[in-house]
Amino acid sequence: MNPRLLRLYPAGFRRAFGDEMAEAYREATEGAGPVTRVREAGDIVAHALRLRLGIGSAHRGGRLFAAAAPFALAATGAHAAFLLASTLNLAYVTGRPDFETPLGYAINGFHVLTLIGAVVALSGRFAVGARTTFAGAAGTATCLVIAVLPGALDMPLEHLAHLVPPLAIAALPLLCPPDLHPPCRIRTTTGLLALLLWTPLSVVLLALLDAGGFGMIVLWRFAVTVLAALALAGRPALSGIRTTGRFALASAPFLVLGHFAGVVGEDTALPCLALLAATALALRLWRRRRSNTAGHA
Amino acid sequence: MQEPTLLLLTALADEPRHGYAIAREVELISGGRVKMRTGTLYGALERLLGQGLIEVHEEQIVDSRLRRTYSLTAEGRQSLAAEAQRIAATAREAARRLGVSGETASA
């Protein structure tokens with residue numbers, strides 16, 4: 001093992017595990033090709049970085065990110081679905097698409113990538129899904145940066161401030177320790193493909209359902225995508241929310257992205273907080289009922 | 001219990017093993033689906049040691065390198081047994097409802 005890899009670790013961890021890690025690494029890469037070696041080295045670098053930041057799976061911070069990761073993915077996916085449905089709805093209602101420039105097509109393409117990534121990650125292929133989600137969010141951010149360049153779409157510079165929160169939320173699942181990834185919800189490839197087929201169809205359906213003016217209250221459109229994403233995250237995600245801190249970290253992405261979607265603002269802040277409080281109470285009651293049932297079993 | 005934890009504890013259920021042997025067993029038990037790389041493996045081992053589910057069984061010097069083997073603690077055995085019972089109960093109920101066992105499935 002390259003000694004520089006081991007030096008990435010904090011001194012205490014290196015003393016405790018350095019020797020045997022070097023031996024395990026040697027065994028894992030003996031006779032292996034370059035791809036395996038790069039993956040092993042990459043895993044060591046990522047683990048060392050997590051330990052330095054105090055977010056390894058043995059740390060409280062790591063368990064906090066692991067609990068919040070499915071909700072960050074759900075919020076990011078719901079936000080992307082909401083934006084796509086809104087774009088399609090506007091195009092359907094006005095008869096003109098709002099994205100007639102190459103940049104417009106690119107942004108919507110990255111929204112699709114973000115949504116697909118979130119669906120893949122929440123269904124259980126966490127690592128590849130989380131990276132895809134982040135790639136989609138980074139692509140969107142890049143397009144928005146290009147949009148503020150002189151000569152391109154004349155977008156105000158302060159729009160750049162919109163880049164950071166969605167990107168940070170999309171990056172959060174990448175910090176989840178690999179041994180604490182959410183469980184696989186859909187095991188078969190067929191099931192996953194069916195879900196990936198239904199997802200864009202559902203977005204189109206949502207856009208068309210809104211066309212009659214029924215959805216002038218955009219909150220319901222965002223709520224539908226959020227509920228769908230939470231349903232996909234499922235009980236395993238909810239059972240990871242055991243403390244107030246975890247609940248706060250899990251809720252924050254929805255509030256932030258809801259604000260960026262234009263549905264959480266001054267006039268909707270109170271209903272949103274009431275909804276959060278009700279959700280926290282419902283979750284606490286559900287957990288109490290589960291533990292009572294387990295006690296009686 | 002998360003799958004990596006379940007697989008790690010299962011890998012240590014029958015005999016103590018050292019790091020790379022645990023990773024190999026995890027891959028075997030999962031049918032090649034789960035590959036624990038070195039960094040992830042030792043992150044998980046550190047966590048399970050901290051939780052008291054595994055312990056250091058033996059330390060040896062092999063080719064002038066420290067090799068530790070790990071084993072389940074009593075608490076680790078209990079946790080694994082409880083999880084195995086839970087999974088088996090679910091599988092039994094699924095088999096019963098599918099009528100695989102020959103019993104009539106309820107309407």
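Below, chains carry the letters A, B, ... as their sequence lines are ordered, and counting in each starts from 1.
- At a 4.5 Å heavy-atom cutoff, B:R24 makes no contact with chain A through either its backbone or its side chain.
- A:F17 contributes atom CZ, which lies 13.5 Å from atom OG1 of B:T38 (distance to the nearest 0.5 angstrom).
- Contact record, B:R47 with A:A58: CA-CB, 3.8 Å, taken as the closest heavy-atom pair.
- Residue B:L49 touches chain A through its side chain alone, counting heavy-atom pairs closer than 4.5 Å.
- Contact between A:P178 and B:P4 at its shortest, heavy atoms only, is O-CG, 4.4 Å.
- No other option in A:A41, A:P236, A:G56, A:A28 has as many heavy-atom pairs under 4.5 Å with chain B as A:A28.
- Within 6.0 Å of CZ in A:R131 there are 12 or fewer heavy atoms belonging to other residues, nucleotides or ligands.
- Summarising the local packing, CZ of A:R39 is surrounded by 12 or fewer heavy atoms from other residues, nucleotides or ligands at distances under 6.0 Å.
- Taking CG of A:D19 as the reference point, atom CD of B:E59 lies at 10.5 Å (rounded to 0.5 Å).
- Within a 6.0 Å radius of CZ in A:R60, other residues, nucleotides and ligands contribute 12 heavy atoms or fewer.
- Put simply, CD on A:E20 and OG1 on B:T69 are 9.5 Å apart, with the number rounded to the nearest 0.5 Å.
- Taking the side chain as every heavy atom from C-beta outward, B:Y20 and A:E23 never approach each other to under 4.5 Å.
- Within residues 77-89 of chain B, no residue has a heavy atom under 4.5 Å from a heavy atom of chain A.
- The cationic group of B:R37 does not satisfy the cation-pi geometry with A:Y25, failing either the under 6.0 Å distance to the six-membered ring centre or the 45° limit from the ring axis.
- Side-chain atoms of A:L180 and B:Q2, non-hydrogen and from C-beta on, do get closer than 4.5 Å to each other.
- Counting heavy-atom pairs under 4.5 Å between each of B:R33, B:E3, B:M36, B:E46 and chain A puts B:E46 at the top.
- Rounding to the nearest 0.5 Å places CG of B:L48 at 8.0 Å from OG of A:S57.
- Within residues 7-18 of chain B, the residues having any heavy atom under 4.5 Å from a heavy atom of chain A are, by residue number, B:H18.
- Residues A:D179 and B:T40 bring no donor and acceptor atom of their side chains to less than 3.5 Å of each other.
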